[in-house]
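Here is the structure we will look at, set down as structure tokens.
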There are 2 protein chains.
Amino acid sequence: MLLVDDDPTVAEVASSYLRAGGFVVEEAGDGFAALQAAERFAPDLIVLDRMLPGIDGLEVFRRLRERMSTPVILLTALGSEDERIAGLEAGADDYLAKPFSPRELVLRVQSVLRRSIGEFTPESVLEYGEFRLDPSARIAARAGVELSLTVREFDLFEFLLKHPNQVFSREDLLRTVWGWTYGDLSTVTVHVRRLREKIERDPRSPTMLTTVWGVGYRFTMDGVPNAVV
Amino acid sequence: MLLVDDDPTVAEVASSYLRAGGFVVEEAGDGFAALQAAERFAPDLIVLDRMLPGIDGLEVFRRLRERMSTPVILLTALGSEDERIAGLEAGADDYLAKPFSPRELVLRVQSVLRRSIGEFTPESVLEYGEFRLDPSARIAARAGVELSLTVREFDLFEFLLKHPNQVFSREDLLRTVWGWTYGDLSTVTVHVRRLREKIERDPRSPTMLTTVWGVGYRFTMDGVPNAVV
DNA sequence: GGCATCCGTTCGCGTTCCGTAAGACTTGCC
DNA sequence: GGCAAGTCTTACGGAACGCGAACGGATGCC
């Protein structure tokens, strides 16, 4: 994947998120470098800022288009609806308005790639202990009984199920699940509490989604062989 | 493959994509040239713009059909919904609304070719729970009783039946069922409502075509084994 | 031409969910 | 025990969301 943005801060944050999402990321700081890199690396996807020094982003986009059919996600400073439409009309595969949440970017990237590979191939179902979680159906169940989780709760639970027996600080969760680089940490606290209310047998004394004092939270299942202990 | 479009920019972008996809592309700029080229090259597929100088695209299509059974993908102008219907009724193999993403075009071309090479058998009848849906006859029925669905409702229902137990955002549906890259999402909302009115026993509290808050819609049948629960 | 159908859009209303703040409680440390 | 920092609990306002109803326009049919 190729990431083109002239702002080093944006580029750094975005690429670190994308790498955390399992992508190999090349970077370019201007239009010329972008074209060269696209030629040399033949990336499977390009994230392109529309405002670039030197050659304009849209112009870069057109030149790319002449040579390859690589999917392109456009980034733009002001998120007016017209620009979005103009971008899509020009043939971009998706569009993201700055400032964007890094998580949003990762989601879009995944979505575009999924689209270009094969439409709607369902994600595999997560099974852990008595829990079953189907990401494509967005259904979570304990012992065959469906849990009605909200969007945030589901995302949080999904993340924890994918990384059991591991401690995450509130900041970690805010970054990965919420996609925020800053924000009120109590947001996490409250959502953890709400999630406990729905998945724990006795929410007052949680056994699975436990607090690691001074550090954060950890999801462990009793009865399930622990990776560490 | 033969590409017929009077707009040089569109033709250039599209054909470069198709060539990148491994296709051999001939081009024609108007109806006469199209008919001549079709005769001479005997392409295995034709991409045909509906709006052409001289002879109208649909007319070209009819004349083509008189002589050969080559698959045809129609390109229609934005928003002209009934053009699309007319096109499909006339026997086009697929349609694509302008402005389209070139990638989308390549995907459709591949899909149509796969279909036409693979088998001539009409699409198989979908059966799911008490529902029966015949895509080629465009007939949907619940428990043997025919449901009078409109074109949109049928398309939507067909897609949902083909992908049960999976959540789709309004955007997903707008892109796949409507073939739009952008547009008013409430269009989907309203059509889901109308479809519910016809397939749900109690449309006020739907049990099959359910809303997943903050995400989208999911079709699940009671009585049919669910993926998770 | 007149009628009916279908489609996309708009607006108001009720509901759900989220983030935050504030106070009570717990834990670790002295 | 007393203190401070960290965590839990509860409550609330606002925002986002989905729904229903209705409208205007386009099209096809008689």
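Proteins get letters first, then strands, A, B, ... in listed order; numbering begins at 1 in each.
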Figure out the [atom1]/[atom2] separation between [X] and [N], and round it to whole Å.
X	N	atom1	atom2	value
A/His191	C/dA21	NE2	P	15 Å
A/Leu195	C/dC18	CG	C1'	15 Å
B/Glu200	D/dG20	CD	P	11 Å
B/Leu185	D/dG18	CG	C1'	12 Å

Between B/Thr150 and A/Thr150, just flag the one whose closest nucleotide in DNA chain C comes earlier from the 5' side. B/Thr150

By nearest nucleotide on DNA chain C, pick out whichever of B/Asp184 and A/Glu153 is the more 5' one. B/Asp184

Please give me every residue in residues 154-161 of chain A whose heavy atoms get under 4.0 Å of an atom in DNA chain D, ordered by residue number.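 None - not one residue of the stretch has a heavy atom sitting under 4.0 Å from the strand.
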
Quick check on B/Arg132: does its CZ atom have over 12 non-hydrogen neighbours (other residues, nucleotides or ligands) under 6.0 Å away?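 Incorrect, the count does not exceed 12.
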
Determine whether more than 12 heavy atoms belonging to other residues, nucleotides or ligands lie under 6.0 Å from atom CZ of B/Arg142.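 More than 12 heavy atoms, drawn from other residues, nucleotides or ligands, come within 6.0 Å of this atom.
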
Residue of the set B/Asp202, B/Thr210, B/Thr211 for which side chain to side chain donor-acceptor pair (under 3.5 Å) holds with B/Arg196: B/Thr211

Do B/Glu171 and B/Arg175 sit within salt-bridge range, that is, some charged N less than 4.0 Å from a carboxylate O?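 No, B/Glu171 and B/Arg175 are not salt-bridged.
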
Looking at A/Trp178, does any N or O in its side chain come under 4.0 Å of the phosphate oxygens OP1/OP2 on C/dC18? no

How does protein contact run along nucleotides 2-13 of chain D, one letter per nucleotide 5' to 3', with B for base contact, S for sugar-phosphate only, - for none, heavy atoms under 4.0 Å? ----SSBBBB--

Pair A/Arg193-A/Thr189, side-chain donor/acceptor within less than 3.5 Å: no

What residue among A/Phe157, A/Phe154, A/Trp178 forms ring pair (Phe, Tyr, Trp, His ring centres under 6.0 Å) with A/His191? A/Trp178

CG/B/Leu45 to CZ/B/Arg108 distance, rounded to the nearest 0.5 angstrom?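 One finds 13.0 Å between CG of B/Leu45 and CZ of B/Arg108.
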
Nearest 0.5 Å, what's the CE-CG distance between A/Met208 and A/Leu195?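 Here the interatomic distance stands at 9.5 Å.
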
